Amino acid sequence: MTDVPTLVPYDEAIARYEPVIGLETHVELSTVTKMFCGSPAEFGAEPNASVCPVCLGLPGSLPVVNRAAIEYTIRIGLALNCSIASWCRFARKNYFYPDMPKNFQISQYDEPLCTDGWLDVTVDETRVRVGIERVHLEEDTGKSLHVGGATGRIHGADYSLVDYNRAGIPLVEVVTKPIPGTGALAPVVARAYVTELRELLRALGVSDVRMEEGSLRSDVNTSLAPRGSGAWGTRTETKNVNSLRSVERAVRFEIERQAAVLDGGGRVIQETRHFHEDSGTTTPGRSKEEAQDYRYFPEPDLVPIAPSPEWVEKLRATLPELPSARQARLQAEWGLSDGEMAALRNAGALDLVAETVAAGAAPAEAGKWWLGELARRANESGVELAALPVAPAQVARVCELVASGTLNDKLARLVLDGVLAGEGSPDEIVAARGLAVVSDDAALLAAVDEAIAANPEVAAKIRSGKTAAAGVLVGAVMKATRGQADAARVGELILQRLTES
Ligand SMILES: [Zn+2]
């Protein structure tokens with residue numbers, strides 16, 4: 001066995017093989033308490049502080065279902081166009097794991113709460129409808145910390161610590177149907193799906209959806225079959241991919257790796273794989289060729305869940321405007337093309353532009369500043385656009401100052417400089433730095449006369465009727481006033497001075 005598998009270049013792999021992808025996404029719900037007990041569910045408590053007899057699995061303790069978690073899950077199901085079960089049960093999934101104190105996990109097995117929905121995603125202006133197989137609820141496990149080794153894994157560690165704070169946190173799993181027919185776009189579709197799902201969950205307010213903290217993580221399934229064969233290949237499942245970029249890279253890598261296996265006459269092994277952020281590669285985990293027997297059976301300590309149609313309709317009425325509907329509305333209101341809208345989304349600027357417009361800016365102006373100057377600054381500092389220390393209301397104020405003629409674009413950039421440097425509000429910076437456009441004729445005329453005196457040949461040309469030469473003098477005045485002159489007014493004054501006297 002070699003560590004680095006052979007790969008086929010992506011374009012070649014796609015030319016010969018058709019990928020099918022699928023995603024299973026785990027979402028930690030942001031309920032106040034855990035799934036089956038009253039322990040607080042907040043993130044970041046002292047280890048083993050948020051525990052009680054139920055989530056520690058102590059003898060004699062009994063679980064009670066968290067109503068809020070059920071409501072959150074039904075709302076997720078409704079937002080994903082699923083059918084809501086009128087009757088379903090939790091099941092026990094039996095296996096041993098040191099950070100799972102009961103030695104079984106309460107989950108949903110063959111009776112999920114929500115089934116058979118869909119979520120539309122848009123990639124390169126193409127809409128892909130991703131089928132949703134099921135949305136079910138389960139409880140999270142605790143966390144093991146392996147101390148003393150080089151890798152943080154159990155191998156080589158001196159000892160391990162267990163933190164049960166996460167044990168029993170409500171966890172929703174959203175499982176897609178297999179997604180065929182995406183061809184070369186498969187990695188991008190996978191990423192777009194997780195992005196869209198994350199936005200939807202955020203809009204619903206059911207999870208903080210922080211991928212870097214593990215509150216949203218995806219298992220990514222990938223298989224390949226020879227083009228035109230009509231068959232589906234054996235899939236691998238890359239576990240716990242926890243960034244959008246990694247979702248895309250994991251699919252891409254698996255396509256390149258599996259193509260090499262198939263090209264070499266081998267067969268892809270059905271297994272779970274681990275994704276490595278540093279190298280962008282996957283390595284084998286557990287083989288799934290022999291299905292584990294979890295001895296699932298209905299959880300005897302819990303009553304079934306039977307949401308009444310009235311309750312479901314009540315929850316449906318609480319759904320907010322969903323991201324796809326909101327985007328369609330904003331695109332129409334702002335008069336943007338699909339491509340312009342995609343540019344805003346890809347830059348992570350949609351909400352920022354929406355807030356800037358809400359604060360009074362014209363959509364085109366708001367988009368121009370966020371996608372241009374500010375995106376460039378974010379890129380230079382290596383931060384997300386939203387992390388720049390400038391508020392949408394401040395950008396709106398800059399747009400207003402440009403619209404009113406107080407600032408031109410060049411001065412507006414200097415004002416944004418000041419805002420980013422923490423010098424205060426746009427108005428304070430205009431005042432403190434003296435950045436307003438000078439359109440006062442008396443002040444401008446002095447500079448105009450100086451420019452004429454310094455460029456007698458140009459002045460003579462203009463006097464003889466070649467008014468196009470005035471641009472040279474306008475440039476000289478703009479330079480002399482450090483860009484603060486109203487260029488249009490300067491042009492008028494120059495022509496007045498030289499042709500009307
Ligand atoms: Zn508890």
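All ligand and atom numbering here is 1-based and tracks the order in the structure. What's counted below: heavy atoms across the whole structure, side chains too, no hydrogens, waters or symmetry copies. Note that the structure is predicted; figures quoted are calculated from it, not measured.
When SG of Cys52 and OG of Ser39 are joined through the Zn ion (ligand 1), the resulting angle is 100° to the nearest 10°. Our summary of the site lists the angle at the Zn ion (ligand 1) between SG of Cys55 and SG of Cys37 as 120°, to the nearest 10 degrees.
For an aromatic pair to be called close, the ring centres must be under 6.0 Å apart, and Phe36 with Phe90 satisfies this.
Residue contact annotation: Thr33 places no N/O/S atom under 2.8 Å from the Zn ion (ligand 1).
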Hey, can you pull the donor-acceptor pairs under 3.5 Å for the side chains in residues 46-60, sequence neighbours left out?
from: Asn48; atom 1: OD1; to: Tyr164; atom 2: N; distance (Å): 2.6
from: Asn48; atom 1: ND2; to: Val162; atom 2: O; distance (Å): 3.0

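The one candidate from Phe96, Tyr95, Tyr109 that meets the ring-ring contact (aromatic ring centres under 6.0 Å, His included) condition with Tyr294 is Tyr95. Among Arg191, Arg345, Arg202, the single residue meeting the salt bridge (charged side-chain N to carboxylate O under 4.0 Å, His left out) criterion with Glu196 is Arg345.
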